[in-house]
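Comments concern the structure below.
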Amino acid sequence: MENGIDVERVAGGIDVLTLRGEHDLSTATDVSRRIESALESATGLAIDLSETTFIDSAVLRVLITAQERAAERGAGFAIAVADSSGHGVHRLLTLTGLDAKLATRSSREDAIAAAAPA
Amino acid sequence: MENGIDVERVAGGIDVLTLRGEHDLSTATDVSRRIESALESATGLAIDLSETTFIDSAVLRVLITAQERAAERGAGFAIAVADSSGHGVHRLLTLTGLDAKLATRSSREDAIAAAAPA
Amino acid sequence: MVTVSERVEIEIAAAAPGVPLVRHALRGLLSGLDVSDEVIADIALAVTEACTNAVVHAYPNGAAGTITITASHVGGGLSVTVRDRGRGMSARVDTPGLGVGLPVIAAIAQSVEIGSPDGGGTEMRMRFALDGPAG
Amino acid sequence: MVTVSERVEIEIAAAAPGVPLVRHALRGLLSGLDVSDEVIADIALAVTEACTNAVVHAYPNGAAGTITITASHVGGGLSVTVRDRGRGMSARVDTPGLGVGLPVIAAIAQSVEIGSPDGGGTEMRMRFALDGPAG
Ligand SMILES: Nc1ncnc2c1ncn2[C@@H]1O[C@H](COP(=O)(O)OP(=O)(O)O)[C@@H](O)[C@H]1O
Ligand SMILES: Nc1ncnc2c1ncn2[C@@H]1O[C@H](COP(=O)(O)OP(=O)(O)O)[C@@H](O)[C@H]1O
């Protein structure tokens, strides 16, 4: 799968950031920048990992920061971790206990719905 | 050296907490409690490690929290790390880089002076 | 007696773009063996964390350096060594990382040995089971 | 050939009061050898961190358990193993600790191996140099 970071604005002013393929230290700064700029104007942010085949702790750190920043700005936030997400994505979230701390949903659609500001 | 935790109120409403001997997980909760109760009424807190022969990262964590709490309450804060402090005390502070982050002074007297609120 | 049937050595510059290259090379090695996707994912994660640590921590202030990764298929397992020639293990509280790299490696690998090789730097030697779920 | 001249085995309940006991026993062992105060302080610190980890992380929710510490004076060095029979290495971000235990151990010891012994739990095997400053 081609690696990529896409951001799309959907209904209600919510930005959906899709991470395709593998992400690690070599793309973490890009991911972080795209998140920061999305949060400048979006009412909510959904991060879609359903097409993500790999993430490491450098990316996980960016996701945690994203959730904190969204909360600070009163923006909604959710992450989609689906059956189609890579084994390693599930494994890292379980090992670190972040499956319980990050606002995860099991599909892109559910994450977008959950990213509407409260 | 006998282990111990002493708290003494000195001039200006500053509390001096002296850690004698070895401190680790087995005393960290006591140290933390004594610090919390000192910070309830003291204008400043000096922690004297000049007679401390050993500390580990469990105690270090209590010291970091103490410095943060003191700052939150507007109380002064300083830690005395002297030549007489144990090798391990110096070593742990250097290894972790906390010699630069914690307000350390090289004697009990200097720490007390530095613990006066700004 | 142990039979070494496969051995790969990779050298990368100690910089972020090298990290995925190592992972891809390892997957290539493992794809020729009868290993489950779960085990491959686990090994990819642990080795990535070790390489990331070498990039982030071994050479302070962006100093140039290299990282050498050796993977060998030994008996029923895989041994992967990540070696840098940087400043040696540090233990500073002000790390830019999340602090779960070493624990993740230790949780996934059967064993991990962290050593200080002659010549300086840090060597991390991980052993992985290849049959069944790793760890 | 390696000569084992001294060997100490200590078993403690996995609880905070055991941690200083281990340190005192180790100092006792080392006091009979020609080792500098700096090296003794370093070993005391690394072994304390390993024992503290076993107490804090191995047995969740205050479950009862034991920790076995073995120290042997092997050749010119000291080998210390800290073994628990707890839940195995975890890698959770919500640790109550400062997160510098493993790095401190790895920075001080010549090498540290973290493994998952048969029967469960975690085994941490540290090797220390006894001549000159440790590490
Ligand atoms: N190759 C290395 N060289 C120097 N220090 C290292 C190396 N690998 C790890 N470390 C040290 O060990 C610490 C813990 O590593 P880790 O658990 O991966 O957490 P993080 O990298 O997120 O801080 C690092 O913060 C660093 O101080
Ligand atoms: N004996 C053990 N059993 C289970 N998990 C452990 C053990 N030792 C260490 N760990 C895991 O490794 C992590 C890192 O340990 P350490 O660097 O000492 O940091 P801290 O204990 O302050 O969190 C711990 O948070 C814990 O998840």
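A, B, ... follow the sequence lines: proteins, then strands. Residue 1 opens every chain. All values reported here derive from a predicted model rather than from experimental measurement.
Chain D forms the most heavy-atom pairs under 4.5 Å with one residue out of C/A106, C/G115, C/G99, and that residue is C/A106. With chain C as partner, the option from D/G101, D/P117, D/P103 having the largest number of non-hydrogen pairs under 4.5 angstrom is D/P103.
Proximity to chain D (any heavy atom under 4.5 Å) is restricted, for C/S90, to the backbone atoms N, CA, C and O. With a 4.5 angstrom heavy-atom cutoff, D/L98 touches chain C only via side-chain atoms.
Of all residues spanning residues 81-89 of chain C, those with a heavy atom less than 4.5 Å away from chain D's heavy atoms are C/M89, arranged by number.
The CD1 atom of C/I114 sits 5.0 Å away from atom CD1 of D/I114, with the distance rounded to the nearest 0.5 Å.
The 12-atom threshold is exceeded at CG of C/D94, counting heavy atoms of other residues, nucleotides or ligands nearer than 6.0 Å.
The two atoms that bring C/A109 and D/S116 nearest to each other are O-OG, 4.2 Å, heavy atoms only. Between C/A91 and D/V100 the shortest heavy-atom distance is O-CG1, 3.7 Å.
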